[in-house]
Amino acid sequence: MARKLPPVDVVLVGFGWTGAIMAQELTDAGLEVLAIERGAWRDTPTHFPTTSAPDELRWYWRKEMFQDNARDTLTFRNNRSQTALPMRRWGSFLPGEGVGGAGVHWNGQTWRFLPSDFEAASHNSERYGPLPDGMTVQDYGVTYDELEPHFDRFEKLCGISGKAGNLKGRIQEGGNPFEGWRSADYPNPPMHMTFSQRQFEKAAQDLGLHPFPGPSANMSRAYVNPLGCQLAPCTYCGFCEKYGCGNYSKASAQTTILPVLMKKPNFTLKTHNEVLRVKLDNTGRRATGVIHVDVNGEEYEQPADLVILCAYQISNTRLMMLSGVGEIYNPVTGEGLVGKNYCYQVMSGADVFFDDKFTNEFVGAGALGMCVDEYNGDNFDHSGLGFIGGGYIACWTTNARPIESQPTPSGTPAWGSAWKKAVAANFLKSTSVGAHGSSMAYATNHLDLDPTYKDAYGRPLMRMTYDFTPNDLTMSAYLTERVREIAERMGGREIKVNRRTTPYNSMPYQTTHNTGGTIMGTTPKNSVVNRYLQSWDVSNLFVMGANVFPQNAGYNPTGTVAALAYWSAEAIRSQYLRSPGPLVQA
Amino acid sequence: MTRAGATIAVAAGLMFAAPWTAHGQATSFAQVERGRYAVVTGNCQGCHTVPGEEPFAGGRGLETPFGTIYTPNITFEPETGLGSWSKDDFWQAMHEGIAPNGSKLYPAFPYPHFTKMPRQEVDAIYDYLATLPHVKKAKPENDLPFPLSWRFAVTGWNWMFFERGAFQPDPNKSEQWNRGAYLVEGPGHCSGCHTEKNLAGADKASRHLMGGQLENWAAPGIRGGRNGNLERWSEDDIVEFLKTGRNQHTAAFSTMSEVISFSTQHMLEDDLRAIATYLKDLEGEERATPAKPDEAVMKAGAAIYFDNCSACHVSDGSGVPRFFAPLSGSGKVNNEDPTTVIRVILQGARAVPTEAHPSPLTMPAFDWKLTDAQVAAVVSYIRASWGNSAAPTSASEVRSLRRKLHSAGPS
């Protein structure tokens with residue numbers, strides 16, 4: 001029997017980026033906020049100081065930075081004819097655990113989705129005719145214009161380094177001319193580029209493209225954010241993605257919000273407590289709080305007026321299923337919505353090898369790169385191409401961490417002395433160009449509860465059914481050709497093209513950009529949450545995260561995840577608190 | 001982990017719930033407010049609070065060269081606090097260092113400074129303390145050897161080193177200077193840390209505010225005139241440091257963190273400026289040119305610095321002002337006593353989070369990573385580079401500090 005605790009106004013489940021944003025916003029509104037995090041407290045000097053942050057073996061290879069998949073993981077299969085098996089070791093994606101969530105080990109590539117990305121269904125069908133059978137793409141229900149101030153807020157919180165391409169409708173030289181309008185430039189100038197980015201820039205310009213610096217949550221200079229928190233200049237050490245930043249140079253909950261939030265008397269954080277489910281009243285239409293369990297196995301009932309799920313995409317979706325909010329999606333009947341529209345991203349690229357030029361890729365940063373956006377979203381005419389969507393193409397120099405980085409040209413054996421020789425010859429003289437391809441929702445890709453495997457608390461694991469779709473493979477092939485065109489012009493001796501082929505393999509790292517499962521939309525018939533990220537079924541339950549994306553765009557998702565959190569927080573503050581109940585009438 | 005930071009109840013409403021006061025007189029808001037501010041200027045909370053526990057309830061152990069002295073509970077709880085003290089009792093303690101039962105207080109309680117405070121100010125403190133929530137918490141026994149455990153021993157100390165009497169302004173100086181002198185020498189009791197002590201633990205008058213050592217930290221000199229340790233600091237630099245915990249030269253950590261957290265960041269800017277005016281008027285002593293380290297030590301130190309320190313402190317020691325302390329020209333680095341520099345490398349240091357700069361930017365510990373000789377080399381290198389000029393240190397000096405700090409070396 002769970003022990004009942006004194007009620008709070010708001011309980012947040014999970015304490016990463018969206019948890020910290022919500023906590024900051026709702027404590028500012030005067031509410032008593034409790035965040036429950038299943039992982040540990042983590043701060044820069046204690047958990048990833050400069051003296052141990054760049055430990056490749058510990059943090060990445062031994063997975064110390066990520067969710068403990070001995071206690072909770074997911075099962076995976078490519079399609080319904082297979083039996084899903086548990087992922088006992090993370091591969092293709094790396095969910096986080098502990099304070100700051102995956103936002104501690106992100107690269108910091110901080111984008112805004114395109115205006116048309118938020119209206120993917122109506123925009124594309126209007127321009128190209130009906131969407132293909134089985135494609136379940138839909139509109140977000142919120143527009144870019146509505147989100148613009150919230151993107152801006154997050155960029156200022158983080159101190160994003162970059163160059164505006166569209167200031168209030170006026171195209172700016174040197175920025176991304178395809179981006180949605182922005183009310184202000186980035187708060188910091190672009191990162192310092194290296195040789196590789198300059199080569200990419202020249203090659204792209206030769207092709208008539210418009211290269212621009214990638215928007216970066218690594219600091220190009222010392223920065224004080226609007227809350228007074230300090231971020232230090234990036235040292236280009238190349239330990240961002242998969243690592244915590246020891247230099248206070250990467251925006252995270254720790255560096256941008258927690259110094260202010262943790263001092264507030266109306267905020268409490270409880271770590272090492274896992275929320276087992278959202279508790280509903282007997283009508284099933286109202287959340288009364290959550291049930292959580294501590295490290296001793298003691299269960300607690302935490303009553304709250306407002307429950308907000310702020311965990312990772314997989315966990316948020318699974319908590320909805322385990323709590324019985326809404327119906328789990330059945331791809332055969334098409335009924336149910338929770339677990340629908342699971343999407344990922346389709347990455348491909350090319351390596352470029354130089355003879356006489358040093359690229360010195362160990363001088364890197366998570367979001368140090370030059371990009372082109374000609375082939376993203378609907379920035380180009382898709383007529384006759386056989387797909388919708390796209391992605392940005394970039395030359396990022398994120399790192400040359402020695403265990404992970406062994407670039408070798410085509411024809412090099414996979415091991416032995418010839419391999420060693422090739423690694424030694426190319427380690428300092430190569431770079432890469434990547435395509436960050438979108439992922440359009442299909443009826444066949446989805447999430448549900450595994451019938452066999454259970455977590456440490458006996459709850460069914462999440463089951464993922466996913467494979468690359470014809471649309472996305474065609475898109476990726478098209479983008480990879482564009483990558484090849486640029487890579488060939490970068491002045492190298494040779495290039496090696498790395499295409500993405502089917503089936504999707506859950507082991508090699510690709511990207512931690514899992515989306516969908518509790519998608520947002522315009523009616524309860526097509527979505528789990530409304531345009532304010534509020535559950536259609538349970539109006540005092542809100543769900544943050546990329547799980548609300550109906551499909552995934554050709555950009556890294558954090559900027560949009562955060563903008564949606566700010567948008568939702570504003571709706572709670574300005575509308576919900578005045579008159580609790582559904583913010584959109586079904 | 002629950003929320004950090006304690007909340008101090010200073011709400012006006014509490015005033016009406018205050019217990020009776022000694023003479024039963026009305027305690028106006030202005031009087032309580034005056035007391036509250038005086039408590040801020042004296043940083044009473046720092047010593048009278050165990051970090052993370054109830055404010056002003058005492059119990060904090062102060063390490064002195066003679067043993068550990070525990071601070072008493074100064075809430076007005078009747079049994080374990082000051083609840084039974086009269087205003088006269090309180091004045092006697094503050095002004096003369098004598099407890100109500102007539103026993104002598106140890107001068108770890110800075111009555112030699114508080115004696116400079118006028119009676120009205122001390123009464124206001126009493127009235128403010130009376131408004132605080134009562135906390136029942138007995139003071140632990142001091143850990144002092146005989147004969148120091150015998151309070152009568154303080155009589156001799158007082159006879160030799162204690163001069164009773166309120167602050168007398170210097171008519172030849174400005175009002176601002178005098179206010180600064182009062183704050184520094186009176187409630188602020190800056191020389192408690194920043195002045196070297198004699199064998200009896202009293203200030204060496206000839207070394208006033210030229211730097212001291214306590215609890216294995218070297219407190220730098222704070223004289224700001226010619227040859228003073230703060231000669232390069234402007235008045236604005238001093239004000240900014242006391243208000244925000246950082247300035248273009250340095251960041252506060254360790255004991256000074258508390259002073260800034262509880263005291264100076266809450267002080268009026270005029271008062272901080274007065275302190276700056278006074279300190280800038282105090283001249284220092286010329287120092288002999290120190291010896292240079294061996295070339296081999298400089299070479300090793302440079303290599304260690306480049307690998308371990310330069311990412312934040314920058315290859316030329318210029319740091320990132322207000323983020324990562326500059327080392328070139330740093331008073332702490334150039335201090336004759338290298339204890340603080342060695343200790344910061346061994347244990348790391350956290351820049352004090354303040355209202356102006358909430359981020360607790362922290363340098364990590366290197367004790368597990370660097371040997372005594374390596375620490376000594378990098379300290380010697382830093383102290384002799386980029387215009388810095390302070391004597392080299394030795395591995396044995398590092399080893400001896402390590403022993404005192406119970407810090408193990410690299411395995």
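As a basis for the values below, the full set of heavy atoms in this structure was taken, side chains included, without hydrogen atoms, waters or symmetry mates. A note on names: the letters A, B, ... follow the listed sequences, proteins ahead of strands, and every chain is numbered from 1.
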Discussion item. If you count heavy-atom pairs within less than 4.5 Å of chain A, which of His357(B), Met363(B), Arg350(B), Lys369(B) leads?
Written reply: His357(B)

Item to complete: Measure Leu34(A) against the heavy atoms of chain B and call it side chain, backbone, both or neither at under 4.5 Å.
Response: neither

Practice prompt. Mind ranking Leu231(A), Thr51(A), Thr255(A), Thr44(A) by heavy-atom pairs under 4.5 Å with chain B and telling me who comes out on top?
Written response: Thr51(A)

Item to complete: Go through the atoms of Thr244(B) and report whether side chain, backbone, both or neither lie under 4.5 Å from a heavy atom of chain A.
Response: neither

Fill in: Heavy atoms of other groups near Arg58(A) CZ, more than 12 under 6.0 Å
yes

Item to complete: Would you indicate whether the side-chain heavy atoms of Asn247(A) and Phe323(B) approach each other to under 4.5 Å?
Response: no

Worksheet item: Which pair of heavy atoms, one from Pro360(B) and one from Tyr248(A), lies closest together, and at what distance?
Response: O-OH, 3.6 Å

Response to the item:
Here the pair of heavy atoms bringing Gln230(A) nearest to Leu361(B) is OE1-CD1, 3.5 Å

Worksheet entry | Contacting region of Tyr223(A) [heavy-atom separation from chain B under 4.5 Å] | backbone

Fill in: Options Ala365(B), Pro364(B), Pro358(B), ranked by heavy-atom pairs under 4.5 Å with chain A, top entry
Pro358(B)

Response to the item:
Nearest heavy-atom contact between Gly228(A) and Ser359(B) is O-OG, 4.5 Å

